[in-house]
Amino acid sequence: MRDRSIRTPGVLAAVVAVGLGMLTGCVGSLNPALVNSLGGNTASAIDNPEGSLLIVVMNRTDAAALTVLDIQKDGGGTVPLSLLTRPNTVLNDLDHVIVHQDCDVARIDFREIEVVTSAGSIPVPFALPPLIAGTSIFCGEVVAITIDGAAPNVFATVAVY
Amino acid sequence: MRYSTNPVSNVNHANATAGKAARSLHAERRHVRPTCAVAAIAVLLATTGCLNPNLVNATSGGLYPVAPGDEPFLLVRVINDTSATLEEVPIVYDNGFAPPAFTIRNLSPGGRETGVLLNWPVFQVAIGSLADPMSPAILAVFPDGSTNLAPFGRAPLRAGIEYERGDTIIFRISENNVSPVAISVSAGLIDGDTEPASYSRGNPFETVRLILQENGFVDVLTPGQITTP
C-alpha cells in the first residue's frame with residue numbers, strides 16, 4: 001500500500017520548496033563563491049556580486065579619448081563614468097579601460113565621446129540609443145566601445161557581445 | 001413493501017450518488033491542494049527574487065563569473081555602503097610602469113557599486129597611495145553637506161600574498177562611528193580558483209579578452225611574472 005502521508009500538501013510543499021531552493025540557489029550553504037576577508041577587517045557584510053557586466057573602451061587613435069556614460073541601476077541610482085584612455089600604444093595598457101558593473105544595471109546612456117588633441121577637444125559624432133537591461137543588454141555581456149580613425153576624422157562604434 | 005422499499009431504495013440510491021460525489025470531490029481536493037501549494041510556493045519564490053538569475057548567481061554561482069578566474073585580469077570592485085557620495089576613490093596600482101590610477105568619481109549610495117578590470121600583472125593595489133596608506137584618499141560628501149577625506153588605512157595589497165591572478169578584490173567603504181573621518185574601508189577577496197570551469201550563461205572576462213585580442217590590444221595577453229616578495 002502506498003504511503004499516503006507523502007501525498008499531503010504540507011509534506012509535498014516542503015519537498016518542493018527545498019528542491020526548488022536547491023535548484024535555484026536559495027540555500028546559502030550551497031554557495032561556492034564565498035567572499036573572504038583580507039586582513040583584520042570583517043567582510044561579513046560584503047555582498048556576493050550577482051554577476052558581471054563589463055564595459056570596455058578601446059582607443060585606437062593617436063589622441064587621448066574621453067568617453068562619458070551614465071549607468072543607471074535598478075534601485076534608481078546612477079554611476080556616472082568618465083573614462084579617459086590614452087593614445088594607442090604598445091608601451092602601456094592605458095589605451096583601453098575595462099569597467100565592471102554588478103548585474104543590477106537598468107540602462108546605459110551614452111553621453112559623449114571626444115578626443116583630446118593639441119588643438120583641443122574634438123567631439124566624436126555618434127548617435128547611440130541607450131542600452132536597456134533585459135532588451136538590448138543582459139547580465140554576463142560585454143559592451144565594447146571602439147574609438148577609431150585619425151583626428152579630426154574620428155568615429156566610435158558600440159557593440160554588445 | 002414495495003412502497004416501503006422503494007423509498008428506501010430511492011434513499012439508498014440518493015445516498016450512494018451523494019457519497020460518490022463526496023468521494024469524487026474529496027479526491028479532487030486531494031489533487032488540487034498540492035497543486036495549489038506548489039503554485040503558491042512557485043509564485044512566492046518568483047516574487048521574492050529566488051528565481052532571479054542574478055540572485056541565483058550571487059547565492060549559488062555557476063551562471064556568470066564573479067571573478068576573472070583563468071583569465072589574465074584582476075577585478076577591483078568598490079562598494080559604497082555609506083550615506084555619502086564618494087566624490088573620489090582613486091584606485092592606484094603598480095603594473096610595472098609608472099603607477100597608474102583609475103579614479104572612481106561620484107559614486108552615490110544609489111549607484112553603490114562599480115569596479116575596474118585590470119590587466120595582469122598587478123603587483124600592488126591600494127586606494128590613494130601605494131607609499132602612504134594614511135594619506136587622505138577618499139573624498140566623501142555627506143547628505144548634510146559635510147565632507148571628509150578618509151585614508152585607505154592599510155598597506156597596499158600585494159600579488160602573491162593577498163591576491164593572485166584571476167581574483168576579485170572588493171573594497172567596501174562604510175560608515176564608522178569610531179573613526180575620526182566617519183568612514184572606513186574593508187577589503188574582501190573572491191578567490192578566482194573557486195570559480196567553476198564553465199558557466200551556463202557566458203563568461204564576460206573571456207569575452208573581453210577575445211575582444212581585446214581581436215582589436216590589436218595584444219599587450220593584455222602578455223603573461224605577467226610575479227615574484228613573491
Side-chain angles (χ1 to χ4, degrees), chain A residues 7 9-10 12-13 16-17 20-21 24-26 28 30-39 41-43 45-54 56 58 60 71 73 75-82 90 92-104 139-142 144 146 161, chain B residues 30 33-34 37-38 41 45 50-51 53-61 63-66 75 77 79 81 95 97 100 102 105-117 119 154 157 162 170 172 174 186-191 194-195 201-202 204-205 207-208 211-212 215 217 219-220:
Chain A
R7 298 174 64 188
L12 186 60
V16 170
L20 275 176
T24 58
C26 289
L30 298 179
N31 184 351
L34 297 175
V35 179
N36 302 309
S37 64
L38 290 174
N41 292 327
T42 177
I46 294 179
D47 309 354
N48 210 7
E50 296 176 344
S52 298
L53 184 65
L54 298 179
V56 56
M58 296 172 286
R60 300 176 68 176
I71 312 293
K73 300 294 190 77
T78 300
V79 178
L81 295 175
S82 296
V90 295
N92 61 52
D93 59 5
L94 300 177
D95 52 7
H96 62 279
V97 62
I98 311 167
V99 174
H100 171 276
Q101 293 294 315
D102 207 346
C103 284
D104 58 349
C139 185
E141 291 188 329
V142 178
T146 308
Y161 298 92
Chain B
R30 279 214 312 261
R33 280 178 184 160
V38 171
I41 290 168
L45 287 170
C50 282
L51 299 180
N54 297 349
L55 179 62
V56 170
N57 201 56
T59 52
S60 65
L63 299 183
Y64 320 103
V66 292
L75 175 58
R77 299 175 68 225
I79 296 174
D81 263 342
N95 61 358
F97 300 105
F102 178 86
R105 300 182 193 279
N106 299 316
L107 185 60
S108 63
R112 195 165 186 272
E113 182 273 342
T114 190
V116 61
L117 187 66
N119 297 334
R154 60 184 302 151
L157 308 182
E162 281 92 4
I170 302 172
R172 174 176 173 256
S174 56
S186 303
L189 178 78
I190 298 176
D191 187 346
T194 63
E195 291 292 283
R201 298 199 180 185
F205 299 105
T207 304
V208 80
I211 291 169
L212 292 171
N215 283 275
F217 294 85
D219 46 323
V220 71

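Numbered from 1 within each chain, the chains take letters A, B, ... in sequence-line order.
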Under 4.5 Å from a heavy atom of chain B, the part of [X] involved:
| X | answer |
| --- | --- |
| A:L53 | neither |
| A:V99 | both |
| A:T146 | side chain |
| A:Q101 | both |

B:F102 portion near chain A, given a 4.5 angstrom heavy-atom threshold
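For B:F102, the side chain is the part near chain A, not the backbone.
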
Which atoms of B:L75 come close to chain A, meaning under 4.5 Å heavy atom to heavy atom: side chain ones, backbone ones, both, or neither?
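It is the side chain, since no backbone atom gets that close.
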
May I ask you to test the A:I71-A:T78 pair for a side-chain heavy-atom distance under 4.5 Å?
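Counting from C-beta outward, A:I71 and A:T78 never come under 4.5 Å.
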
To the closest 0.5 Å, what do you measure between OG1 (B:T114) and CG (A:L81)?
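Reported value, rounded in 0.5 Å steps: 5.0 Å.
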
Strictly below 4.0 Å, N to O, side chains only: are B:R77 and A:D102 in salt-bridge contact?
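Salt bridge: yes.
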
Please lay out, stage by stage, how B:N119 and A:H96 fare under the test side chain to side chain donor-acceptor pair (under 3.5 Å).
CA-CA 10 Å; B:N119 297 334; A:H96 62 279; 3.0 Å; yes

For B:S174, all residues meeting side-chain contact (heavy atoms from CB on, under 4.5 Å), sequence neighbours excluded:
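Partners of B:S174 under the side-chain contact (heavy atoms from CB on, under 4.5 Å) test: B:D81, B:R172, B:S184.
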
